[in-house]
2 protein chains.
Amino acid sequence: MKLTETQIKIIEAAEIEFAEMGYAGASIREITNRAGVNIAAINYHFGSKEALFKEMVLYHIEPINQVRMTLLADALANNDSKPLPLEEVVDIIVRPLLAALISESCNDFHFMRAMGKGMVEERSFMKDLQQDMLKEIMPKFISAISNSLGNPQFDKIAYGIHFLTCCIIGEMMQHTRLAMVSGGTIDLNDIDGLVDHLVAFISAGLKAVSEVKPIN
Amino acid sequence: MKLTETQIKIIEAAEIEFAEMGYAGASIREITNRAGVNIAAINYHFGSKEALFKEMVLYHIEPINQVRMTLLADALANNDSKPLPLEEVVDIIVRPLLAALISESCNDFHFMRAMGKGMVEERSFMKDLQQDMLKEIMPKFISAISNSLGNPQFDKIAYGIHFLTCCIIGEMMQHTRLAMVSGGTIDLNDIDGLVDHLVAFISAGLKAVSEVKPIN
DNA sequence: TTCATTTTAAAACGATCGTTTTAATCAAAC
DNA sequence: GTTTGATTAAAACGATCGTTTTAAAATGAA
């Protein structure tokens, strides 16, 4: 979907409001006031609050997913389609996402928090949106991760993907906790530092999960 | 705070509503209808919606934190106060929480989801509540983890605690994803399986983070 | 029974919600 | 200049929100 200037202006205001209030708590009036447009503009330009949220997410995520897929395809091609080191796969999942989200809005990480919060509100349209976002890339990355881990039992992959998702969504929603728990030591805009540590955490976690002994 | 029968009845109804709608999205009328009490009962018995949420959280969390502190103190005492294996510390953080939350309400994990969702909504009273919950146990467990890791640089601890928290809150909010990503293979009520894998994931992640090379 | 207190009930409070309607304004094509 | 279509503006829609008020009912002590 091609967006007009007004639509982008509204989306940028919406990011702030959704980030701070969540989807349910966000106010159409607050968004339109911030964007400097009339209350009716959201319904005129998007159709509804739901549709606005959806467009906001896709506007950011689609280019990120394109980058992810290209990087994965290139990495596999350069490796004769053999399994990649796990860290490389996880890096391709994490880095384009956080790099885009942290760099493009320098302060407060609005879209990142907005999307994270929306995703966990469990509305039915959010589930559909999540499906839309992930259906293209999910199978490719699950397959790459499974190969990198030596194709363990599928429940190990399931646990791992679940925890990996918790980490990424949690980081997006609660990025600012880093400043709190570090007493201000960690720079919230240090993408490389964040990604390096997050990739290390997730990769080691995935390997450990794949090696947990079955109980029976 | 000692709770009356009516208050507990309201709390149990509130868990369902908060779990499904989040704090902002939850309706006082829906909660009181479900509890079979009058609309005014929440303000009469608790004072406000905020106070209800607070009591709901403390009602569940305080006993869990007591168990955690006892287990940690006992483990340290049995180990001559030497550093514990990391897995043991993480297990004490995770297992009492998930065991209590999954066992006591067999279906849909209402309180778990309610608290997880509330915690990420970033209202100011939520931050105060989080402080209340954690101020007693946080320093003890951070210290134990740091010792188990051989006291690395503090920013490694900060990254680790942040990711650990993302995993635990994420698991609480999004527990049902396990059923989805596993295609129904994983039993959502299998606490031991969940905790075993989550502890392995977090512990390995923490170790890996503590070993990430500084850039400079 | 009487009285004081606690708890419930019903109704209304003011505020805000997302959306729709109606009319005015603008832009470009003819 | 006129007309057509797209966009903006202002106002109102019905609904729901958390909370408060007022009064009735229940409870227990004297």
Side-chain angles (χ1 to χ4, degrees), chain A residues 1-57 59 114 117-118 121-126 128-129, chain B residues 1-57 59 114-115 117-118 121-129:
Chain A
M1 179 174 173
K2 188 70 167 50
L3 300 175
T4 66
E5 278 181 36
T6 308
Q7 285 176 311
I8 292 177
K9 205 163 60 179
I10 292 172
I11 284 180
E12 284 169 353
E15 286 168 13
I16 299 175
E17 176 72 0
F18 284 134
E20 287 173 357
M21 307 303 289
Y23 176 79
S27 156
I28 289 290
R29 282 167 181 80
E30 182 63 32
I31 294 172
T32 51
N33 284 346
R34 196 184 293 271
V37 299
N38 189 268
I39 311 179
I42 286 179
N43 283 278
Y44 177 76
H45 286 283
F46 294 95
S48 65
K49 187 184 181 185
E50 279 190 16
L52 166 61
F53 191 91
K54 201 168 173 173
E55 286 303 326
M56 178 193 74
V57 168
Y59 171 67
K117 285 188 185 179
E121 283 188 36
E122 291 184 308
R123 310 204 163 223
S124 65
F125 90 92
M126 289 284 184
D128 297 343
L129 178 54
Chain B
M1 178 176 174
K2 189 68 165 53
L3 299 176
T4 65
E5 276 182 39
T6 308
Q7 285 177 311
I8 292 178
K9 204 163 61 179
I10 292 172
I11 283 181
E12 285 170 352
E15 287 169 10
I16 299 175
E17 177 70 359
F18 283 133
E20 286 173 358
M21 307 304 288
Y23 177 79
S27 157
I28 290 290
R29 283 169 179 80
E30 182 62 33
I31 294 172
T32 51
N33 283 345
R34 195 185 294 271
V37 299
N38 188 268
I39 310 178
I42 286 178
N43 283 278
Y44 177 77
H45 286 283
F46 294 94
S48 66
K49 187 184 180 185
E50 280 191 16
L52 166 61
F53 191 91
K54 200 169 175 174
E55 287 303 328
M56 178 194 74
V57 169
Y59 172 67
M115 190 176 105
K117 286 189 184 180
E121 283 188 37
E122 291 184 307
R123 310 204 162 223
S124 65
F125 90 92
M126 289 282 184
K127 300 211 168 187
D128 297 343
L129 178 54

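Not measured: the values here are computed from a predicted model. Every chain is numbered from 1 and lettered A, B, ... according to where its sequence line falls, protein lines coming before strand lines. Excluded from the calculations below are hydrogen atoms, water molecules and symmetry mates; all remaining heavy atoms, backbone and side chain alike, are included.
- Judged as a salt bridge (Lys or Arg N to Asp or Glu O under 4.0 Å), and not counting sequence neighbours, the contacts of A/Glu121 are A/Arg123.
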Salt bridge (Lys or Arg N to Asp or Glu O under 4.0 Å) between B/Glu5 and B/Lys9, intermediate numbers included: CA-CA 6 Å; B/Glu5 276 182 39; B/Lys9 204 163 61 179; over 6 Å; no
Table please: side-chain donor-acceptor pairs of residues 42-50 of chain B below 3.5 Å, with sequence neighbours left out.
{"unit_1": "B/Ser48", "atom_1": "OG", "unit_2": "B/Ala51", "atom_2": "N", "d": "3.1"}
{"unit_1": "B/Lys49", "atom_1": "NZ", "unit_2": "B/Tyr23", "atom_2": "O", "d": "2.9"}
{"unit_1": "B/Lys49", "atom_1": "NZ", "unit_2": "B/Ala26", "atom_2": "O", "d": "3.0"}

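- The side chain of A/His45 places an N or O atom within less than 4.0 Å of a non-bridging phosphate oxygen (OP1 or OP2) of D/dT8.
- Put simply, A/Thr6 has a side-chain N or O that comes within less than 4.0 Å of OP1 or OP2 on D/dT8.
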Summary of protein contacts for nucleotides 17-24 of chain D, nucleotide by nucleotide, where a base hit scores B, a sugar-phosphate-only hit scores S (4.0 Å, heavy atoms): BBBB----
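- The two residues B/Ala114 and B/Phe18 have their closest heavy-atom pair at CB-CB, 3.6 Å.
- Rounding to the nearest 0.5 Å places OG1 of A/Thr32 at 7.0 Å from CG of A/Asn38.
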